[in-house]
Amino acid sequence: MMQKIGIVTGGGDCPGLNAVIRAVVKAAALRGWEALGFIGGYEGMLDPVQTCDLDYRRLGGLLYRGGTILGTSNHGRFSVRTGLGETRRVPEEILQAARLNFERLGLQALVCIGGDGSLTIAQQLYETGIPVVGVPKTIDNDLKATWMTFGFETAYTCAVDALDRLHTTAESHNRVMVLEVMGRYAGWIATYAGLAGGADVILIPEIEFHYEAIVRKIAEREQQGKRFTIIIVAEGAKEGGGAMVTAGPEQADRETRLGGIGQAVAAEIERRTGKESRCVVLGYLQRGGPPTAWDRQLCTRFGVFAVEMIADRLFGHMAALTDDGVVPVSLAEVVGGIRRVPPDGELVRVGRALGISFGNDGG
Ligand code: F6P
């Protein structure tokens with residue numbers, strides 16, 4: 001049967017969004033379906049509705065193009081503010097307005113590509129009556145029920161590249177180099193990049209750190225003749241008993257901006273050890289640019305699977321990567337909480353086995 005489907009990209013942008021759009025549009029076109037995109041995230045579903053036709057014959061170069069051609073937003077009228085706190089419900093009139101517009105456009109399904117916030121919105125739209133399927137996006141890799149989200153591999157590869165570069169300059173100047181990476185409540189980027197990039201200290205939101213442990217690590221390295229130290233810190237990491245370092249005031253319709261923990265760590269280490277310390281904030285470089293080869297294939301599989309879920313009328317589900325390949329999981333299972341790095345899990349154990357300090361008593 002002829003279908004007309006909508007696509008929306010929500011939340012912070014992420015490498016691979018365009019690759020998913022391409023896979024969805026192409027797989028849909030080969031079934032004879034039409035596709036349209038909502039512009040600017042979920043806001044595009046509200047009046048004045050903003051859409052664009054997604055005709056595969058006119059789309060080119062999307063597989064490797066960063067960002068999202070549809071635009072996106074991580075604040076506004078749909079804000080749910082998820083993470084570790086309580087999830088808010090989008091106001092009923094907003095959900096109903098989106099549903100009405102969806103129906104007026106003659107759409108039969110909506111592909112929601114997003115992280116925990118955007119998929120929470122997707123779940124609420126589904127409960128409102130829109131036939132929704134989800135695709136897991138976020139550089140933070142903190143979504144439940146999928147082994148990996150797309151964009152994560154590109155982001156941590158970017159962090160590893162930065163660590164490689166910081167190594168050579170740290171070594172030349174006998175400095176402590178601190179790299180601040182993204183990761184509000186989950187330290188997947190810091191942990192994976194720290195292991196792959198040979199960091200000496202990894203600081204993540206899941207493990208509160210103490211400066212004494214970091215200073216001990218630096219002293220231990222000095223004794224071994226290693227006069228430089230590389231520290232990677234997730235933006236959401238915090239000192240024992242302390243708070244997350246923010247870069248702006250709290251706002252009603254969006255998450256508080258984080259930033260500054262890297263600089264704070266560098267300054268305190270310099271004060272305590274007398275060693276020259278420098279901080280680099282990787283910031284949006286992690287989110288921009290083309291997806292890696294791994295992410296491209298993952299996006300392609302997720303996009304095709306989204307279309308298959310629509311064909312099978314498996315609404316209210318998200319494509320998830322598991323040991324059995326890409327499978328459907330219920331959106332209800334995905335939302336309400338995030339997946340964090342287990343403090344006693346394999347990754348941290350491997351790090352500790354190599355002498356990496358996580359800034360606590362464990363090393
Ligand atoms: O969700 C991804 C993320 O990169 C977080 O790690 C970070 O806190 C946030 O986005 C920053 O987003 P923005 O500055 O665009 O609001």
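One-based numbering, in listed order, for ligands and for the atoms of each. Counting begins at 1 with the first residue of the sequence.
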Between Glu222 and Arg227, does any NZ, NE, NH1 or NH2 come within less than 4.0 Å of an OD or OE carboxylate oxygen?
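Yes, this pair counts.
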Pairing of Asp200 and Arg221 as salt bridge, 4.0 angstrom limit
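Salt bridge flag = yes for Arg221 with Asp200.
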Ser73-Glu43 side chain donor-acceptor pair, cut-off 3.5 Å
no
Using only heavy-atom distances, determine whether the side chains of Thr154 and Asp295 contain a donor-acceptor pair under 3.5 Å.
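Note: Thr154 and Asp295 side chains meet the donor-acceptor criterion.
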Within the 4.0 Å heavy-atom sphere of ligand 1, strictly under, residues:
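Those residues closer than 4.0 Å to ligand 1 by some heavy atom are Asn74, Ile139, Asp140, Met182, Gly183, Arg184, Glu235, Arg254, Tyr284, Arg287.
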Whether Arg296 engages the ring of Tyr64 as a cation-pi pair (distance to the six-membered ring centre under 6.0 angstrom, angle to the ring normal within 45°) should be assessed.
no
So is Arg339 actually on top of Trp147's ring, under 6.0 Å and inside 45° of the axis?
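No - Arg339 does not lie over the ring of Trp147 by the 6.0 Å and 45° rule.
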